[in-house]
Amino acid sequence: MLDLKYIRDNLEEVKKNIQIRNVSADPEKVVNLYNKKNEVLKRTESLRQKRNENVRIMKGKLSEGERLKLIEAGKKLKEEISALELSLEKIRSNLHREILKIPNLTHPDVPEGRSEDDNLELKRWGKPAEFTFKARDHLQIGNELDLIDFETAAKVSGQKFYYLKNKAVMLELALVRYALEILEKESFTITLTPDIAKEDIVEGIGFIPRGEESNIYSLEGTGTCLVGTAEITLGAYFSGQILKAEDLPIKLAGLSHCFRREAGAAGQYSKGLYRVHQFTKVEMFIFCRPSQSETQHSYLLNLEERIYQGLDIPYRVVDTCTGDLGGPAYRKFDIEAWMPGRGQKGDWGEITSASNCTDYQARRLGIRFKENGKSVYVHMLNGTAVAVSRTLIAILENFQQEDGSVKIPEQLVPYTGFSRIN
RNA sequence: GGAGAGGUGUCCGAGUGGUUUAAGGAGGCGGUCUUGAAAACCGUUGAGCUGCAAGGUUCCGGGGGUUCGAAUCCCUCCCUCUCCGCCA
């Protein structure tokens, strides 16, 4: 969330930002609720002060008459205070609800636009393969080589689930190992995170844990959710803590399953493994000083590129436009891999994203560090190291051979133990 | 899942209704002394909200309750430890 004082003092800027990011939020309502909260808080606190004074007097020796009088006064104060506290609580919860709708500020270089079509292409790497035969999509390849089984998964778990089989299993494990080793060398602390997190944590990271529009599976009656990404469990790792300035930047990497409801998502561009309810992902996370976050953001993008260059997957990098940014992100770079089976004649498909969320998440989660005796919110960044299911698409479709087999990228062979699937 | 013991500031730890405005210790920071360091001594040292500030207010695992007044009493949930049960 944004700082309340900042919204109050920069209302026009916040309004403009909401407009270019194409979301519905009402900062004026937030400011009104904030002012109202402060006003009621002030009255509550002055009554509390009276109550405390009253109590202090009663610590000493008093005549019975005086004591009774003070007790009566205390009773009256108590009633007034609880009435005010009740309305304060109401205002607070309204304020909380409204402020969560307000997105992060936006980096000045982010292209303005309404949808992903307005994202700005920054660069391309590699050359999409030109096939001398009719290219198949990963569904066909997966079927022919007995690698992916959607039908059985639909029967057992529902649509948009899948069984990986045979060499695809090893390929998934190899990708995970490949990414984790690179990150370990980059002195990330590698972790294997829980796949479940508490609702307030999920919300603190900026996801909506419940409701129709939520992309998150909540576990009824437990106050917890299945994580949509390890960004949640990594980001909350230090929640409520004050970090040592000399420890920054802190780099964590996490392997987890990711669960997404994807309600209403369907169609040609979501087919097969592209949009599924469960997949495996290695995520990177950085906590740093505000002055470092732009550099760290480039660093994350750079690492992602290295990882996909190592896999020989052709890709392009895009700077996500204002209308396509999620609430917490200040700026986001996506890597889109070339997927020959996507659309009619192949297309780019998002395979990683690296976001600089500045202090938007840190404020809700209470993650700070000390600077000159003052506590400052850290900046938090996240990036995909390997999203396995989509990387499988890219590998199967880009490295398919005329004889129906699939070649494994050279750098992955030490991890798979085979260089070809057939 | 059952029984018991716990959860207090960066850490250890005292505290069972009103001199707790959280004792004391360790650690950190500053200083005295010293060629320098150690030791010793002196001082200082949590966070949030509000406010220009002074100040005020909240926080003793979370939430709720009793009371004029709660770290302290009651209810509830969470977590940790020990033992038992179950189990990859």
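Just so you know, these numbers come straight off a predicted model, no measurement behind them.
Comparing the same atom, P, in B:U19 and in B:A71 gives a spacing of 11 Å after rounding to whole Å. When the C1' atom is used for both B:A37 and B:G51, the distance is 46 Å, rounded to whole Å. Going from the C1' atom of B:C78 to that of B:G85 covers 22 Å, rounded to whole Å. Rounded to whole Å, the P atom of B:G48 lies 11 Å from the corresponding atom of B:U10. Across the P atoms, B:U16 and B:U72 are found 12 Å apart, a figure rounded to whole Å. With both ends at atom P, the span from B:C74 to B:A23 equals 25 Å, rounded to whole Å. Only the P atoms considered, B:U50 is 45 Å distant from B:C33, to the nearest whole Å. Rounded to whole Å, the separation between the C1' atoms of B:C29 and B:C77 comes to 40 Å.
Following rounding to the nearest Å, A:Arg43 (CZ) and B:U57 (C1') show an atom-to-atom distance of 16 Å. A:Arg56 has its CZ atom 16 Å from the P atom of B:G18, to the nearest Å. If you take CD of A:Glu85 and P of B:G63, they are 13 Å apart, rounded to a whole angstrom. In this structure, CZ of A:Arg368 is placed 10 Å from P of B:U10, rounded to the nearest angstrom. Between A:Tyr377 atom OH and B:A47 atom C1' there is a gap of 10 Å when expressed in whole angstrom units. Rounded to a whole Å, the CG atom of A:Leu77 is 15 Å from the C1' atom of B:U57. Distance CG (A:Leu47) to P (B:U58): 12 Å, rounded to an integer number of Å. Rounded to whole Å, atom P of B:G48 lies 15 Å from atom CZ of A:Arg92.
The side-chain contact (heavy atoms from CB on, under 4.5 Å) test applied to A:Leu70 returns A:Asn54, A:Ile57, A:Met58, A:Leu62, not counting sequence neighbours. Under the side chain to side chain donor-acceptor pair (under 3.5 Å) criterion, A:Glu172 pairs with A:Thr280, sequence neighbours left out. The salt bridge (charged side-chain N to carboxylate O under 4.0 Å, His left out) search around A:Arg51 returns none, not counting sequence neighbours. Looking at residues two or more places apart in sequence or on another chain, you find a side chain to side chain donor-acceptor pair (under 3.5 Å) between A:Glu305 and A:Lys123, A:Tyr315. A search for side chain to side chain donor-acceptor pair (under 3.5 Å) contacts involving A:Asn398 returns nothing, not counting sequence neighbours. The side chain to side chain donor-acceptor pair (under 3.5 Å) check on A:Ser355 picks up nothing, with sequence neighbours excluded.
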Which protein N or O atoms sit under 3.5 Å from an N or O of nucleotides 26-30 of chain B?
none

Find every protein N or O atom lying less than 3.5 Å from an N or O atom of nucleotides 50-53 of chain B, and list the pairs.
from, atom 1, to, atom 2, distance (Å)
B:U50, OP1, A:Tyr34, OH, 2.3
B:U50, OP2, A:Lys5, NZ, 3.4

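A:Pro111 places none of its side-chain heavy atoms less than 4.5 Å from the side chain of A:Thr322. Within the 4.5 Å cutoff, the side chain of A:Ile351 has heavy atoms near those of the A:Thr391 side chain. Looking only at side-chain heavy atoms (C-beta outward), A:His107 and A:Asn356 stay at 4.5 Å or farther from each other.
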*Just by protein heavy atoms under 4.0 Å, how would nucleotides 65-78 of chain B read 5' to 3' in B, S and -?*
--BBS---------

Atom pairs and distances, donor-acceptor, side-chain atoms in residues 325-337 of chain A, under 3.5 Å, two or more places apart:
from, atom 1, to, atom 2, distance (Å)
A:Arg331, NE, A:Asp319, OD1, 3.4
A:Arg331, NE, A:Asp319, OD2, 3.3
A:Arg331, NH2, A:Asp319, OD2, 2.5
A:Lys332, NZ, A:Asp334, OD1, 3.2
A:Lys332, NZ, A:Asp334, OD2, 3.2
A:Glu336, OE1, A:Arg316, NE, 2.8
A:Glu336, OE1, A:Arg316, NH2, 2.8

Just distance, no hydrogens or angles: give the donor-acceptor pairs under 3.5 Å from side chains in residues 247-259 of chain A, sequence neighbours left out.
from, atom 1, to, atom 2, distance (Å)
A:Lys251, NZ, A:Glu186, O, 2.8
A:Lys251, NZ, A:Tyr299, OH, 3.0
A:His257, ND1, A:Asp195, OD2, 3.2

In residues 36-43 of chain A, what donor-acceptor pairs under 3.5 Å come from side-chain atoms, sequence neighbours left out?
from, atom 1, to, atom 2, distance (Å)
A:Glu39, OE2, A:Arg43, NE, 3.3

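Searching all strands for a Watson-Crick or G-U wobble partner of B:C41 with both distances below 3.5 Å returns B:G31. The pairing partner recorded for B:U20 is none, the criterion being a Watson-Crick or G-U wobble arrangement whose two distances lie under 3.5 angstrom. Under the Watson-Crick and G-U wobble criteria, each requiring two contacts below 3.5 Å, nucleotide B:U82 is paired to B:A3.
Heavy-atom nearest nucleotides on RNA chain B were determined for A:Ile242 and for A:Lys50, and the one closer to the 5' end corresponds to A:Ile242.
A:Asn17 places no side-chain N or O within donor-acceptor distance of the main-chain N or O of A:Glu13, the cut-off being under 3.5 Å.
Residue A:Asn52 places no side-chain N or O under 4.0 Å from the OP1 or OP2 atom of B:U21.
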